[in-house]
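Reading through the structure tokens given below for one structure.
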Amino acid sequence: MDWLRVSSRRHKGWTVVEVSGELDVATRNQLGDHLEEVIAAHTPARVVLDMSQLDFCDASGLSVLVAAHHAAKDRQGQLRLVCPQRRIRRLLQITELSDVMPVFDTVAQATATVQDREEEVLQPWPHLQSEMTS
């Protein structure tokens, strides 16, 4: 039985690493090694870690995130986290890792560029847009 499943893909100039299962002392090296390879492959190292299917994470798992965050920064990049589950997001908040690494609800949000986000904010509300075109 695989306790942790890891895969990756490219999306909008980012490498999205998807994890599912349990991230703990027994599986930390599996994710750590994968993140090391992904980060070394690109400069800047722009990585999104999608933890939306992660069932469990302990302190040793968090240490993998910290190491990957530093490695990405060393390669002029960034590690972004996708974590919609409340219990794991709470862990990131308690440990203050969410203050260091940006946390998003979806991969689409995490991979959006600053320009994408500005355009989203600048879009008028639908009822205003219809009034503007009338």
Side-chain angles (χ1 to χ4, degrees):
M1 177 178 194
D2 290 335
W3 293 105
L4 185 72
R5 288 167 300 290
V6 181
S7 62
S8 54
R9 61 186 170 90
R10 295 288 292 168
H11 181 69
K12 291 186 172 182
W14 291 82
T15 301
V16 178
V17 177
E18 298 168 331
V19 294
S20 61
E22 298 180 2
L23 179 55
D24 57 21
V25 70
T27 60
R28 64 172 282 168
N29 290 339
Q30 181 182 350
L31 178 60
D33 292 347
H34 189 89
L35 287 171
E36 256 182 48
E37 288 176 27
V38 164
I39 291 167
H42 300 282
T43 301
R46 297 168 23 133
V47 179
V48 172
L49 181 60
D50 182 358
M51 303 188 302
S52 57
Q53 298 300 311
L54 197 63
D55 298 322
F56 177 80
C57 182
D58 70 4
S60 60
L62 294 178
S63 70
V64 171
L65 303 183
V66 172
H69 164 74
H70 289 296
K73 276 184 72 171
D74 289 346
R75 295 189 62 86
Q76 297 78 45
Q78 184 180 39
L79 175 66
R80 295 181 177 181
L81 307 176
V82 173
C83 183
Q85 310 95 313
R86 201 168 180 184
R87 68 186 175 282
I88 294 177
R89 189 177 281 230
R90 180 77 176 126
L91 180 63
L92 296 171
Q93 290 169 337
I94 290 169
T95 58
E96 298 182 354
L97 289 179
S98 59
D99 295 340
V100 178
M101 293 173 256
V103 181
F104 299 88
D105 289 328
T106 67
V107 170
Q109 290 171 343
T111 58
T113 64
V114 173
Q115 182 179 2
D116 292 341
R117 290 194 196 114
E118 286 173 355
E119 289 173 4
E120 188 177 289
V121 169
L122 295 176
Q123 291 296 318
W125 289 334
H127 73 279
L128 290 178
Q129 192 168 13
S130 63
E131 289 173 11
M132 291 169 51
T133 57
S134 303

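Counted within 6.0 Å of CZ on Arg90, heavy atoms from surrounding residues, nucleotides or ligands total 12 or fewer; the atom is thus considered open.
Taking CH2 of Trp3 as the reference point, atom CG of Leu23 lies at 14.0 Å (rounded to 0.5 Å). For the atom pair CD (Gln85) and SG (Cys57), the distance works out to 10.0 Å, reported to the nearest 0.5 Å. Atom NE2 of His69 sits about 9.5 Å away from atom CG of Asp74, to the nearest 0.5 Å. One finds the CE atom of Met101 at 5.5 Å from the CG atom of Leu81 (value rounded to the nearest 0.5 Å). With values rounded to the nearest 0.5 angstrom, Phe104 atom CZ is found 12.0 Å from Met51 atom CE. Annotation: the span from Asp50 atom CG to Thr111 atom OG1 amounts to 10.5 Å, rounded to 0.5 Å.
Thr27 places no side-chain N or O within donor-acceptor distance of the main-chain N or O of Gln30, the cut-off being under 3.5 Å. Under a 3.5 Å cut-off, the side chain of Thr43 and the backbone N or O of Arg75 do not form any donor-acceptor pair.
Transitive grouping of hydrophobic side chains (ILVMFWY, heavy atoms separated by less than 4.5 Å) keeps Leu91 and Val82 in distinct clusters. The same ILVMFWY cluster, assembled from side-chain heavy atoms under 4.5 Å apart, contains both Leu31 and Leu79. In this structure, Val48 is not a member of the same hydrophobic cluster as Ile39, with clusters built from ILVMFWY side-chain heavy atoms closer than 4.5 Å. Val6 is connected to Val66 through a chain of hydrophobic side-chain contacts under 4.5 Å among Ile, Leu, Val, Met, Phe, Trp and Tyr, so both are in one cluster. Under a hydrophobic-cluster definition in which Ile, Leu, Val, Met, Phe, Trp and Tyr are linked whenever side-chain heavy atoms come within less than 4.5 Å, directly or via other members, Val16 and Val47 are assigned to different clusters.
Pairing each heavy atom of Leu35 with each of Val64, the nearest pair is CD1-CG1, 4.0 Å.
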Open item on the list: For a side chain to side chain contact (heavy atoms under 4.5 Å, CB included) check, start with the C-alpha distance between Arg46 and Arg10, then their side-chain angles and the critical distance, and finish with the verdict.
Closed with: CA-CA 10 Å; Arg46 297 168 23 133; Arg10 295 288 292 168; 5.9 Å; no
Open item on the list: What verdict does the side chain to side chain contact (heavy atoms under 4.5 Å, CB included) test give for Gln53 and Val19, after you've listed the backbone C-alpha separation in whole Å, the side-chain angles of each residue and the deciding distance to 0.1 Å?
Closed with: CA-CA 6 Å; Gln53 298 300 311; Val19 294; over 6 Å; no
Task: Derivation and outcome, side chain to side chain contact (heavy atoms under 4.5 Å, CB included), residues Ser7 and Val17 - done: CA-CA 6 Å; Ser7 62; Val17 177; over 6 Å; no
Task: Derivation of the side chain to side chain contact (heavy atoms under 4.5 Å, CB included) call for Leu49 and Leu65 - done: CA-CA 9 Å; Leu49 181 60; Leu65 303 183; 3.1 Å; yes
Open item on the list: Would Ser60 and Arg28 count as a side-chain hydrogen bond (donor to acceptor under 3.5 Å, both in side chains) here? Give the steps.
Closed with: CA-CA 7 Å; Ser60 60; Arg28 64 172 282 168; 5.1 Å; no
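The shortest side-chain heavy-atom distance between Leu54 and Phe56 does not fall under the 4.5 Å cut-off.
Applying the side chain to side chain contact (heavy atoms under 4.5 Å, CB included) test to Arg5 and every residue at least two apart in sequence or in another chain returns Asp2, Ser20.
Donor-acceptor pairing under 3.5 Å is recorded for the side chains of Arg80 and Gln78.
Between Val107 and the choices Lys12, His11, Glu18, the side-chain contact (heavy atoms from CB on, under 4.5 Å) rule is met once, by His11.
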